[in-house]
Amino acid sequence: MHISPSILAANFNDLYNDVKDLKKMGCNYLHIDVMDGHFVPNISFGPVVYKGLKKQLDMIFDVHLMIDNPRFYAAKFVEAGADIITFHLEAVKDSYEMINYLKQLGVKVGISIKPKTNVESIEKYLPFLDIILVMSVEPGFGGQTFMESAIEKIQVLNDLRIANKYTYLIEVDGGINQENASLCKNAGCDIVVAGTYIFKAIDREKTIKGLLKL
Ligand code: DX5
Ligand code: ZN
C-alpha cells in the first residue's frame, strides 16, 4: 500500500520541516490539494507553494486539482513539478481531450470522481488513465468522515482492471484512518491519501507504519 499524505493538513508556517521526513518514514507520494473556491467551496493554494518543495524532496508529487477549467491551468502545475495531475470528471467538458493534453505535458494522468458520481461515468476513459482517484468525502475540506460508498467503487474498479488488464492505480481520498484504509486495501486500493490522520497524529511514524503494514 502506498501512502500519499495530503499537505492540506500540514503546518503552512513551516511547511518544508513538516513534510521533510515523510519519505524516510515510508511515504513515496505527496498529495497536493488545489482548490479554487469555485469547483469547491474552499480556497487552498496554487503551484508556487510546492514549486520550491519539489526541488527539496524526492517524492512523487500527486496534484489533485479541485478547480474549474483545469485545462487552462494544467501547464503551470506541471511546470511547478507535478508528477501526477488528477482532474475532476465533473469539471471538464471533454475528458478525452484533457487526458491527451496532460499526456503531451509529460505527466501521469488521473481522473477523480466525487461521491455522487458513479464508476460507469468514467468507464470509457479507464484504458487511458494512470490513476483513478475515488473521493470518499465531498471535496473541499480535510477532516471529514469517510463515506463507505467508496469501498464498492474501489471494488468495481479493481474488478474492471483485472477483467480488462487495465494498468491504472486506484487511489482513495478523504477521511482515511487505519480501519477504513484496511477495507480499501482489501477492495483493491493501491494508494491512500491521508491528511488529518497523518499530520495531526500524536506519533506520526507509528501511524504511517500502521498504514504501510496493510
Ligand atoms: C478533500 C481533499 C483531501 C483531504 C484529505 O477535498 O481532496 O485530500 O485533504 O484530508 P483528510 O485525510 O483529513 O480527510
Ligand atoms: Zn485530495
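This is a predicted model, so every value here is computed, not measured. Counting starts at 1 for both ligands and their atoms, in listed order.
- At least one N/O-N/O distance between G143 and ligand 1 falls below 3.5 Å.
- For ligand 1, the polar-atom distance check finds no N/O of E138 at less than 3.5 Å from any of the ligand's N/O atoms.
- Not one N or O of P139 is nearer than 3.5 Å to an N or O of ligand 1, by distance alone.
- Remark: ligand 1 atoms within the under-4.0 Å shell around heavy atoms of T196 are 11 (P), 12 (O), 13 (O).
- The shortest contact between atom 5 (C) of ligand 1 and any protein heavy atom is with D173 OD1, 3.6 Å.
- Taking the Zn ion (ligand 2) as reference, D33 places its N/O/S atom OD1 nearest.
- Shortest contact from atom 12 (O) of ligand 1 to any protein heavy atom: G195 N, 2.8 Å.
- Ring orientation note: the planes of F77 and Y73 are nearly perpendicular, at an angle over 60° on the 30°/60° scale.
- If you run side chain to side chain contact (heavy atoms under 4.5 Å, CB included) between V19 and each of L57, N11, D14, only L57 comes through.
- Heavy-atom contacts of V193 reach the following atoms of ligand 1: 8 (O) (cutoff under 4.0 Å).
- Of the inter-residue distances, the one linking K103 atom NZ with L129 atom CG reads 7.0 Å to the nearest 0.5 angstrom.
- Heavy atoms of F141 come nearer than 4.0 angstrom to ligand 1 in at least one pair.
- Taking the six-membered ring where the residue is Trp, H88 and F39 present tilted rings, their angle falling between 30° and 60°.
- Counting the atoms of ligand 1 from 1 in the order shown, those under 4.0 Å from a heavy atom of H31 are 8 (O).
- Numbered from 1 in the order shown, with element, the atoms of ligand 1 that lie under 4.0 Å from a heavy atom of M35 read 6 (O).
- Taking a cut-off of under 4.0 Å to the non-hydrogen atoms of S6, the atoms of ligand 1 that pass are 8 (O), 9 (O).
- When each of V109, V34, V78 is checked for a side chain to side chain contact (heavy atoms under 4.5 Å, CB included) with I85, only V78 meets the rule.
- Contact record, C27 with P5: SG-CG, 3.7 Å, taken as the closest heavy-atom pair.
- Remark: ligand 1 atoms within the under-4.0 Å shell around heavy atoms of G174 are 14 (O).
- When you scan the N, O or S atoms of D173 for the one nearest the Zn ion (ligand 2), you land on OD2.
- For ligand 1 and G142, the ligand atoms under 4.0 Å from any heavy atom of the residue are 10 (O), 13 (O).
- For ligand 1, the polar-atom distance check against G140 finds a nitrogen or oxygen pair separated by under 3.5 Å.
- Considering backbone and side-chain N/O of H64, one or more are found under 3.5 Å from N/O of ligand 1.
- For atom 14 (O) of ligand 1, the closest non-hydrogen atom on the protein side is G175 N, 2.8 Å.
- The pair D18-R204 meets the salt-bridge criterion, with a side-chain N (NZ, NE, NH1 or NH2) lying under 4.0 Å from an Asp/Glu carboxylate O.
- Listed by number with element, the atoms of ligand 1 under 4.0 angstrom from any heavy atom of D33 are 2 (C), 3 (C), 4 (C), 7 (O), 8 (O), 9 (O).
- Salt-bridge annotation for K116 and E138: present, with a side-chain N of the basic residue lying under 4.0 Å from a carboxylate O of the acidic one.
- The nearest pair of heavy atoms linking G175 to V137 is N-CG1, 3.9 Å.
- Aromatic ring pairs are classed by plane angle as parallel below 30°, tilted from 30° to 60° and perpendicular above 60°; the pair H2 and Y29 is perpendicular.
- A donor-acceptor pair is defined here as one N or O able to donate and one able to accept, closer than 3.5 Å; such a pair exists between the side chain of N118 and the backbone of S121.
- Donor-acceptor pairing under 3.5 Å is lacking for the side chains of H64 and D62.
- Looking at ligand 1, you won't find any N or O of L8 less than 3.5 Å from one of its N or O atoms.
- Distances from the Zn ion (ligand 2) to the N/O/S atoms of H64 are shortest for ND1.
- When side chains are defined from C-beta on, I176 counts as touching C184, because their heavy atoms get closer than 4.5 Å.
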